[in-house]
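Both ligands and their constituent atoms are indexed starting at 1 by order of listing.
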Amino acid sequence: MRITTKEELQTILPQVIDNTPIVDLHTHLYGKSFGKLLLWGIDDLLTYHYLTAEYFRYSDLPYQDFFALPKQKQADEIWNTLFLQRSPISEAQRGVLTVLRTLGLDLTSRNLDEYREFFAQITIEDFIDQVFTAANIESVVMTNDPFDQLEQQVWNKGMGNQDPRFKASLRLDVLLENYLQVIPVLQKWGYRVTKHLDETTLREIRRFLEHWIDKINALYVGASFPPSFSLPEDSIRGRLIEECVIPVCRTKNIPFALMIGVKRQVNSHLNLAADSVGKTDIRPVEYMCRAYPDNKFMVTTLDRGSQHELAVTARKFPNLMVFGCWWFLNNPSLIQEITLMRTELLGWAYIPQHSDARVLDQLIYKWEHSRQILTAVLTSKYGDLLDAGWSLERSVIERDVRQLLRDNFLHFVQR
Ligand code: FIX
Ligand code: ZN
């Protein structure tokens, strides 16, 4: 079908964006076989760390008293403070409303027990299906930490890849940031490693990485980094990256995903909500892309200021895939600005969003809100093409949108 007017565009584009299935490349979700690691339901939704941070903007309850409460009581506190005593206007608060509305719950009742009742009568199997259908998700990528004992048990039983909608990625924060502490663990698993990064140790770490990539069928290897991240660097982390992670990713032909700019635990009382943001230096990204042209790098940064430099760097290096509006950037005004800028600099050659969902239900709101913004950005950009006299086809728009929501990632990780 040919599209020649903006009215036609405004009818068709939202349909295409809604109907395009999403591959969500970074979440903290797990398949059902991971048991309690998979968070879902109203109490997990309300105790999301984005919301606990916002709760403490208003509450006088001491941190330790709040975190000592059972989850349901924490959720009650957050509901009362953020939803009943004031209007839920922040993005994370609005997200809860989008989820409840989409699930068909009555927002006028504001009755938490009624919402709990809904979740009590649905099975997790049915709920996964319901959420994936509502958000039109094809698959999500988990964040898999080889040092997490609960996860390990699932992988050791061969149950980690049971549901093909949940793909794996190997997360290396623990290895890269706490190498000295994990030496005894690696030794217990039969790896001949020492604190001296000699040839044997480096070879054994490469063997460890290869083993886990194969074991979990990792689509990529990832890690988060502080604002001070630097490379090349004569540090344990720098050497592990250049002498182990990068060579193994090259051999396996999978990307190394870097999430840069998180300042961990600036207020440790907040637990999972304790982390903040700092300015990211893009020079290490430029260095890696140039020094390792046969490697693939996926990069997202946490601060607004580095977004432009990162997009420009991607223009210079085809082995760099920019992705997502991470965490504190996952807010409509910032997503809109960043997505427009990336489109203008990179065309279709980037991945606009990942959800970072920690609670299954969040897939609904994170993607509904992101789809709305993508619709606005592409309405404006396709509108410019129509103004220029370029005609469009529905099938062409379908192809373009598919690249952003699915194909760019799948092609980039293809072995
Ligand atoms: O490091 C990460 O993957 C971060 O996304 C998370 O640790 C963070 O807590 C989060 O959930 C952000 O959205
Ligand atoms: Zn994350």
Side-chain angles (χ1 to χ4, degrees), residues 22-30 34 37-40 44-56 67 90-96 99 140-148 151 166-178 218-229 237 245 255-278 280 298-304 306 322-332 334-335 338 351-367 369-370 409:
I22 279 166
V23 176
D24 188 346
L25 71 90
H26 171 65
T27 74
H28 298 268
L29 300 174
Y30 295 89
F34 289 83
L37 285 175
L38 170 57
L39 303 182
W40 64 291
D44 283 320
L45 198 56
L46 288 172
T47 51
Y48 185 34
H49 67 77
Y50 289 25
L51 291 172
T52 50
E54 291 169 30
Y55 164 81
F56 281 110
F67 287 112
S90 79
E91 175 61 7
Q93 293 161 23
R94 174 186 164 225
V96 175
V99 171
V140 302
V141 183
M142 305 178 280
T143 296
N144 303 104
D145 172 7
F147 295 101
D148 183 288
E151 271 202 52
F166 293 83
K167 314 277 183 209
S169 72
L170 184 63
R171 180 75 176 226
L172 295 182
D173 289 41
V174 175
L175 180 80
L176 297 179
E177 297 298 333
N178 298 319
L219 292 186
Y220 63 83
V221 168
S224 73
F225 296 96
S228 59
F229 175 60
R237 183 180 68 202
V245 178
F256 179 29
L258 298 99
M259 308 179 71
I260 315 173
V262 52
K263 245 197 263 165
R264 296 281 182 203
Q265 301 291 301
V266 300
N267 177 1
S268 58
H269 299 295
L270 286 169
N271 291 347
L272 210 50
D275 304 339
S276 189
V277 61
T280 296
M298 289 169 29
V299 176
T300 197
T301 57
L302 195 49
D303 67 314
R304 182 187 189 185
S306 62
V322 171
F323 74 94
C325 298
W326 180 24
W327 202 342
F328 312 113
L329 293 177
N330 197 349
N331 289 303
L334 297 168
I335 303 172
I338 293 167
I351 299 167
Q353 194 56 302
H354 66 272
S355 76
D356 234 309
R358 279 183 180 267
V359 182
L360 185 64
D361 327 20
Q362 291 168 340
L363 289 173
I364 292 174
Y365 94 77
K366 300 233 184 193
W367 283 110
H369 297 186
S370 286
F409 172 65

Quiz prompt | Sub-2.8 Å protein N, O or S atoms surrounding the Zn ion (ligand 2) | solution =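 The answer is His26 NE2, His28 NE2, Asp356 OD1.
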
Quiz prompt | Val245 side chain near Leu176 side chain, heavy-atom distance below 4.5 Å | solution =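 The answer is yes; the side chains approach within 4.5 Å.
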
Exercise. May I ask you to test the Arg358-Leu272 pair for a side-chain heavy-atom distance under 4.5 Å?
Key: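 The answer is yes, as the side chains (C-beta and beyond) meet within the 4.5 Å cut-off.
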
Self-check item: Partners meeting side chain to side chain donor-acceptor pair (under 3.5 Å) with Asp44 (sequence neighbours left out)
Solution: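 Scan of Asp44 (side chain to side chain donor-acceptor pair (under 3.5 Å), adjacent residues dropped) gives Lys71.
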
Quiz item: Excluding sequence neighbours, so at least two apart, what forms side chain to side chain donor-acceptor pair (under 3.5 Å) with Asn144?
Solution: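 Side chain to side chain donor-acceptor pair (under 3.5 Å) check on Asn144 returns Glu151.
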
Quiz prompt | Sub-4.0 Å heavy-atom environment of ligand 1, residues by chain | solution =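 Correct list: His26, His28, His49, Tyr50, Arg171, Ser224, Arg264, Trp326, Trp327, Asp356, Arg358.
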
Practice problem: For a side-chain contact (heavy atoms from CB on, under 4.5 Å) with Phe147, tell me which candidate from Asn178, Leu175, Leu172 qualifies. | Solution: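 For Phe147, the side-chain contact (heavy atoms from CB on, under 4.5 Å) test succeeds with only one of Asn178, Leu175, Leu172, which is Leu175.
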
Quiz item: Are a donor atom and an acceptor atom from the side chains of Asn330 and Gln353 found within less than 3.5 Å of each other?
Solution: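 Asn330 vs Gln353: donor-acceptor pair found between side chains.
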
Self-check item: Aromatic plane relationship, Tyr48 with Tyr50 - under 30° parallel, 30 to 60° tilted, over 60° perpendicular
Solution: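 The rings of Tyr50 and Tyr48 lie parallel, inter-plane angle below 30°.
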
Self-check item: Matching residue for His354 among Trp367, Phe323, Trp327 - test: ring pair (Phe, Tyr, Trp, His ring centres under 6.0 Å)
Solution: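 Result: among Trp367, Phe323, Trp327, Phe323 is the only option passing the ring pair (Phe, Tyr, Trp, His ring centres under 6.0 Å) with His354.
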
Self-check item: Step-by-step side-chain hydrogen bond (donor to acceptor under 3.5 Å, both in side chains) determination, Gln265 to Ser268
Solution: CA-CA 5 Å; Gln265 301 291 301; Ser268 58; 4.7 Å; no

